There are 2 protein chains.
Amino acid sequence: MVAENQSTVFVVDDDSSVRKSLIGLIESVRLQAKAFASAQEFLDSYSPSEAGCLILDVRMPGMSGLELQERLGELGIDIPIIMLTGHGDVAMAVRAMHRGAIDFIEKPFNDQLLLDRVQTALTQDLEHRAKRSRAAQTEILMGKLTPREKQVLDLIVAGRPNKTIASELGISYKTVEAHRAHIMHKLNAENIAGLIRLSLSA
Amino acid sequence: MVAENQSTVFVVDDDSSVRKSLIGLIESVRLQAKAFASAQEFLDSYSPSEAGCLILDVRMPGMSGLELQERLGELGIDIPIIMLTGHGDVAMAVRAMHRGAIDFIEKPFNDQLLLDRVQTALTQDLEHRAKRSRAAQTEILMGKLTPREKQVLDLIVAGRPNKTIASELGISYKTVEAHRAHIMHKLNAENIAGLIRLSLSA
DNA sequence: TAGGTTATACGCACTACCGCCTATTTTTCA
DNA sequence: TGAAAAATAGGCGGTAGTGCGTATAACCTA
């Protein structure tokens, strides 16, 4: 596994000493880390294709950690977030968790605990990425179908025989067979079982 | 909708004045409420078939709210929990949320906010119940299959034709057809599409 | 030990699906 | 406006699945 395929732990904190100590901690377990001094700096540099997780200070000048979380949500960017906070605020923690933060940790934090959460976050990110990737693949395949073919596919998945599909759509049995054959080819399905699995996963 | 089919809001708090005010609040929006003075009392009386959600005080003499949450987890009881706490403790809130609490609210709480969360909890519970019920139905059907039939079913879902299944299992093509017919009847499937949908949902 | 269940197997007729070919009309888009 | 794509439809031959009837052997249980 080369560096490009590795997960990165993104650290966003305005306090340079915190950044340095976090980076040191993360690299001590041979993980790749990147630090940013502000939420905006992170937003400007981050590409959703980069796998990893985000360690985020709640209170920062400019855009706060919570605002960054919200912004990422709006942008449709789903990366596991571990919130770091100096002063405990239950309501804020609950809100962040509801919005999808996977953790909310108070400073000063226990190093090992943080590393454990980072591991959990990285694992979750990889799983989500794999899932999204599969969904995207399926969607690409489905996108190749014409409207008529999608219509026929729905009826096939519903278990209707070609004869019934033909009469329901007011077309010939032969045409349904033609559509069906096209669908099978376009979706790379070897048999009906594969076709249905694909449709149901979409 | 008669009372038996209604969701219930279960309140567990050792403070009788809190119990009374919560019950009053809940009943004011025509929801059904039941109060308990201790976690044990709730455990002794609650049956998982009762739909609803749980409002739980974190700090109580005897079993705490968090301990009750854990106990319910061990018992495999999945009911949405709203934690109530007097003193904010971020770590505790995060732990409770990780264990599946859907909310963690500090006293004194805003009435409307709590009612909103209760509504969310009740909705989630109904959804989960519907999902579990479907899963249970499927499992009952699957349980009717003999080991051999399950084996054949797996191969059918994998898309193998009967001929292949026969040679893979070292039995006759005709026997596979017989198993297949039995499977279709036992699972109430009208066609292969339905069969695969059922298998994949299990 | 009798009776039910399970697993096995065959025949026959019918229905459904699959692949490959050709062909016409309509639609879409560059 | 002309080429490409989509939708339509038919033929032919082969493969696969379905329904119904029949039958035997093994096993478990009452």
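Note on naming: letters A, B, ... go to the chains in the order of the sequence lines (proteins, then strands), and numbering restarts at 1 for each one. Since we're looking at a predicted model, the values are computed, not measured. Both backbone and side-chain heavy atoms feed into the values below; hydrogens, waters and symmetry mates do not.
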Q | Length of the CD1-P vector between B:Ile192 and C:dA16, whole Å | A | 11 Å
Q.
Just to be sure I understand the geometry, which residues of residues 156-165 of chain A put a non-hydrogen atom under 4.0 Å away from DNA chain C?
A. A:Pro161, A:Asn162, A:Lys163
Q | Residue from A:Lys174, A:Arg180, A:His179 passing side chain to side chain donor-acceptor pair (under 3.5 Å) with A:Glu177 | A | A:Lys174
Q. Just by protein heavy atoms under 4.0 Å, how would nucleotides 3-12 of chain C read 5' to 3' in B, S and -?
A. ---SSBBBBB
Q: Measure across A:Leu56 and A:Gly65 and return the closest heavy-atom pair with its distance rounded to 0.1 Å.
A: CD2-O, 3.4 Å
**Q.** A:Lys150 NZ - D:dA7 P separation (whole Å)
**A.** 11 Å
**Q.** Atom of B:Leu84, atom of B:Leu114 and distance for their closest heavy-atom approach
**A.** CD2-CD1, 4.4 Å
Q) With distance as the sole criterion, is a donor-acceptor pair present between the side chains of B:Arg134 and B:Gln137 under 3.5 Å? A) no
Q. Is the backbone of A:Ala93 close enough, under 3.5 Å, to the side chain of A:His98 for a donor and an acceptor to pair up by distance?
A. no
Q. What is the distance from CD1 of A:Ile183 to C1' of C:dG19, rounded to the nearest Å?
A. 16 Å
Q | Pair B:Arg19 + B:Asp13: basic N to acidic O under 4.0 Å | A | no
Q: Quick one: closest heavy-atom pair of B:Pro80 and B:Gly52, and the distance?
A: CD-O, 3.6 Å
Q) If we only count heavy atoms from C-beta on, is the B:Thr164 to B:Tyr173 side-chain gap below 4.5 Å? A) no
